[in-house]
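Numbering starts at 1 and runs along the sequence shown. Just the heavy atoms: all of them, side chains too, but no hydrogens, waters or symmetry mates, feed the values below. What you see is a predicted model; the values in this text were computed from it and never measured. One-based numbering, in listed order, for ligands and for the atoms of each.
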Amino acid sequence: MQERQMSEEVRNDNPYSRLMALKRMGIVQNYQQIKEFTVLVVGVGGVGSVLCEMLTRCGIGKLIMYDYDKVELANMNRLFFTPQQVGLSKVEAAKQTLLNINPDVVIEAYNENITSGTGFNQLLERLQNGALKGGPVNLVLSCVDNYAARMTINSACNELDQVWMESGVSEDAMSAHIQLMIPGETACFACAVPVAVVENTEQQIKREGVCAASLPTTMGITAGFLAQNTLKYLLGFGQTTFLLGYNALADFFQNYAIMPNPECKDHNCLKRQQLNSEKLRLNKLQKRKE
Ligand code: ATP
Ligand code: ZN
């Protein structure tokens, strides 16, 4: 009797027993598969660091992190990093903290600029071979804060037919979005360039001496949505959201999908669109035969 009580306590102590309860409740049939998945995260700032922490606590198999920046005191209005980590590269500081939380996660950390020639080639290589057992990663998550880095991830993912999710928080911290990009099936980043970029407000805000706002709340919420949809996408439960928009002032959410643009400027996007419509056509024919 005493022994049984003890083992119950041990089980309740184990964070995985709480995660596996999702399986017992019939919500996620295959939760243990989380250990087999590899996610590549670009940008370990206000959104990316929190996202990495969530995935680490959920027991993700492997995380590959990219960021070119160092931890600064100015980052302390966000979650995750601590003043003791100031001066360390963000990826190195994140790796230390994450391994402390869950040493079972395999972590690769790259202090690189993905838009540089070498950074981009290395990113392409890791996207194709970075998974736990080799081969392509399962999902890419973009948590960067600028147009060039987003376009770089977009062109790499269109080239490699890699599914990814994009995220962004507005410069006034009052709105945010996440968007699922399936090459050829949903709009890519170049298919529908966001309004802020068209109006060039991002460049105006980013110039020297201009301080953009940021809130740990909006960034934490965005990271939560991204992590939640990562779990749904990888483990195949619920509905992975296509485009989720969040307005913090009104607590208003928008949820919709954008179709690919047949006049997209990215030639690999057009190629993926053609392959996808061919696939749909063949599926239709097959269904008619059955
Ligand atoms: P802020 O811009 O408000 O001062 P930040 O630079 O920390 O803060 P966040 O929005 O919190 O920005 O996070 C975005 C992260 O993406 C940053 O850590 C940044 O270094 C990273 N990032 C942006 N562009 C690239 C890139 N080309 N290669 C690698 N990392 C990038
Ligand atoms: Zn496109």
Discussion item. Under the criterion side chain to side chain donor-acceptor pair (under 3.5 Å), I'd like the reasoning laid out for Ser175 against Ser170: C-alpha separation, chi angles, the key distance, then a yes or no.
Written reply: CA-CA 5 Å; Ser175 61; Ser170 64; 3.2 Å; yes

Worksheet item: At distances under 2.8 Å, what protein N, O or S atoms surround the Zn ion (ligand 2)?
Response: Cys188 SG, Cys191 SG, Cys264 SG, Cys269 SG

Item to complete: May I ask you to identify, for Ala148, whether its side chain, its backbone, both or neither come under 4.0 Å of ligand 1 on a heavy-atom basis?
Response: neither

Worksheet item: With a cut-off of 4.0 Å, which atoms of ligand 1 are near a heavy atom of Gly46?
Response: 9 (P), 11 (O), 13 (O)

Kindly list each side-chain donor-acceptor pair under 3.5 angstrom involving residues 33-44, sequence neighbours excluded, with atom names and distances?
from	atom 1	to	atom 2	distance (Å)
Gln33	OE1	Asn30	ND2	3.1
Thr38	OG1	Leu132	N	3.0

Worksheet entry | For ligand 1, the portion of Glu112 having any non-hydrogen atom under 4.0 Å away | backbone

Fill in: Under-4.0 Å heavy-atom contact with ligand 1, by part of Asn75 that carries it
side chain

Item to complete: Determine, considering heavy atoms only, which of Tyr147, Tyr68, Tyr66 sits nearest to atom 22 (N) of ligand 1.
Response: Tyr68

Discussion item. Residue-level breakdown please: for Val169 versus ligand 1, do any non-hydrogen atoms fall below 4.0 Å on the side chain, on the backbone, on both, or on neither?
Written reply: neither

Worksheet item: Below 3.5 angstrom, do we get any N/O pair linking Ile114 and ligand 1?
Response: yes

Item to complete: Apply side-chain contact (heavy atoms from CB on, under 4.5 Å) to Asn255 and list each qualifying residue two or more places apart in sequence or on a separate chain.
Response: Thr241, Leu244

Fill in: For Gly43, the ligand 1 atoms whose distance to one of its heavy atoms is below 4.0 Å
15 (C), 16 (O), 21 (C)

Item to complete: Could you list which atoms of ligand 1 come closer than 4.0 Å to a heavy atom of Thr115?
Response: 27 (N)

Worksheet entry | Ionic contact status for Glu92 with Lys95, cut-off 4.0 Å | no

Worksheet item: Which pair of heavy atoms, one from Ser142 and one from Trp164, lies closest together, and at what distance?
Response: CB-CZ3, 3.7 Å

Discussion item. Under 4.0 Å, counting heavy atoms only: does Ser214 come that close to any atom of ligand 1?
Written reply: no

Discussion item. Could you work out, for atom 7 (O) of ligand 1, the closest of Lys70, Lys90, Met219 by heavy-atom distance?
Written reply: Lys90

Item to complete: Could you list the atoms of ligand 1 found under 4.0 angstrom from a heavy atom of Asn113?
Response: 26 (C), 27 (N), 28 (N)

Worksheet entry | With sequence neighbours excluded, residues passing salt bridge (charged side-chain N to carboxylate O under 4.0 Å, His left out) with Glu185 | Lys279

Discussion item. I'd like to know if Leu73 and Phe81 are part of one continuous hydrophobic network [Ile/Leu/Val/Met/Phe/Trp/Tyr, side-chain heavy atoms within less than 4.5 Å].
Written reply: yes

Discussion item. Looking at every non-hydrogen atom in both residues, tell me the closest pair between Leu243 and His177 and how far apart they are.
Written reply: CD2-CB, 4.4 Å

Discussion item. Between Thr218 and Ala173 (side chain of the first, backbone of the second, donor and acceptor by atom type, cut-off under 3.5 Å), is there such a pair?
Written reply: yes

Item to complete: Please work out which of the three classes, parallel, tilted or perpendicular, describes the rings of Tyr147 and Phe189, given edges at 30° and 60°.
Response: tilted

Discussion item. Keeping Asn75 on the side-chain end and Val71 on the backbone end, is there a donor-acceptor pair under 3.5 Å?
Written reply: no

Worksheet item: Ignoring hydrogens and geometry, is there a side-chain-to-backbone donor-acceptor pair from Ser277 to Gln273 under 3.5 Å?
Response: yes

Discussion item. Can you tell me if Arg78 contacts ligand 1 (heavy atom of the residue under 4.0 Å from the ligand)?
Written reply: yes

